[in-house]
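Data first, discussion second: the structure below is written as structure tokens.
Keep in mind that the numbers below use all heavy atoms, side chains included, and drop hydrogens, waters and symmetry copies. From a predicted model like this one, the values you see are computed outputs, not experimental measurements.
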Amino acid sequence: MREPVLKAVANPPKILWGPFLLVLLNLGLQFPIMFVAIGAFELNPIIFVISILLTHLVVIFWGTKEPHISTMIQAYGQTYRITKNLYKAKGNKFAP
């Protein structure tokens, strides 16, 4: 096997020492909330900066425990599909 393939599998992508997807989700949610709260309610941005840093630290520690969490979330999103039952039954059933 080629070395770049092994390296990509062994070292998943990271941003600021955290898993790629979770870091983007954290920043993508908290920055707009921070700007809206500052603009609408004139709150102190230090509160939000502390919140962003604490959440980022949690994401970093979670990423050290499970480095492939971003890949697992993406795989779950692609495979989780609700099936429609062809016959009346409780729950989701596959029928041939």
Side-chain angles (χ1 to χ4, degrees):
M1 225 184 254
R2 296 181 183 162
E3 183 180 336
V5 173
L6 292 175
K7 188 174 182 181
V9 171
N11 299 325
K14 295 182 182 280
I15 295 178
L16 300 173
W17 305 284
F20 186 78
L21 187 63
L22 294 178
V23 170
L24 289 181
L25 186 65
N26 176 32
L27 297 176
L29 287 175
Q30 289 203 31
F31 273 120
I33 292 171
M34 176 179 72
F35 291 129
V36 167
I38 291 170
F41 305 113
E42 297 180 5
L43 292 177
N44 191 351
I46 295 295
I47 297 168
F48 295 102
V49 171
I50 292 170
S51 170
I52 290 170
L53 290 176
L54 289 176
T55 309
H56 188 70
L57 287 174
V58 169
V59 167
I60 289 172
F61 287 127
W62 193 10
T64 57
K65 183 178 179 187
E66 183 59 58
H68 295 282
I69 191 71
S70 294
T71 309
M72 291 168 44
I73 292 171
Q74 289 173 350
Y76 178 77
Q78 292 173 0
T79 59
Y80 182 72
R81 294 200 173 107
I82 297 174
T83 61
K84 292 184 179 180
N85 294 339
L86 297 177
Y87 309 107
K88 284 191 174 185
K90 290 184 179 180
N92 294 325
K93 306 256 189 288
F94 291 104

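Distance CD1/Ile60 to CG/Leu16: 7.5 Å, rounded to 0.5 Å. For the atom pair Ile69 CD1 and Gln74 CD, the distance stands at 11.0 Å (nearest 0.5 Å). Considering CD1 of Ile73 and CZ of Phe20, their distance stands at 12.5 Å, rounded to 0.5 Å.
Under the 4.5 Å side-chain heavy-atom criterion for ILVMFWY residues, no single connected hydrophobic cluster contains both Leu29 and Leu22. No chain of hydrophobic side-chain contacts below 4.5 Å, direct or via other Ile, Leu, Val, Met, Phe, Trp or Tyr residues, connects Phe31 to Val36.
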Exercise for the section: Could you check Val58 against Asn26 for side-chain contact (heavy atoms from CB on, under 4.5 Å), going step by step and ending with a plain yes or no? Expected result: CA-CA 11 Å; Val58 169; Asn26 176 32; over 6 Å; no
For residues 40-52, which side-chain N or O atoms pair as donor and acceptor with protein atoms under 3.5 Å away, sequence neighbours left out?
residue : atom : partner : partner atom : Å
Asn44   : OD1  : Ile46   : N            : 3.3
Ser51   : OG   : Gln30   : OE1          : 3.1

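Under the side-chain contact (heavy atoms from CB on, under 4.5 Å) criterion, Val23 pairs with Ile15, Leu27, His56, Val59, sequence neighbours left out.
Taking all atoms of both residues into account, the shortest heavy-atom contact from Pro19 to Ser70 is CB-OG, 3.4 Å. Residue Gly63 comes nearest to Lys14 through the heavy atom pair O-NZ, 4.2 Å, listed as atom of the first residue, atom of the second, then distance.
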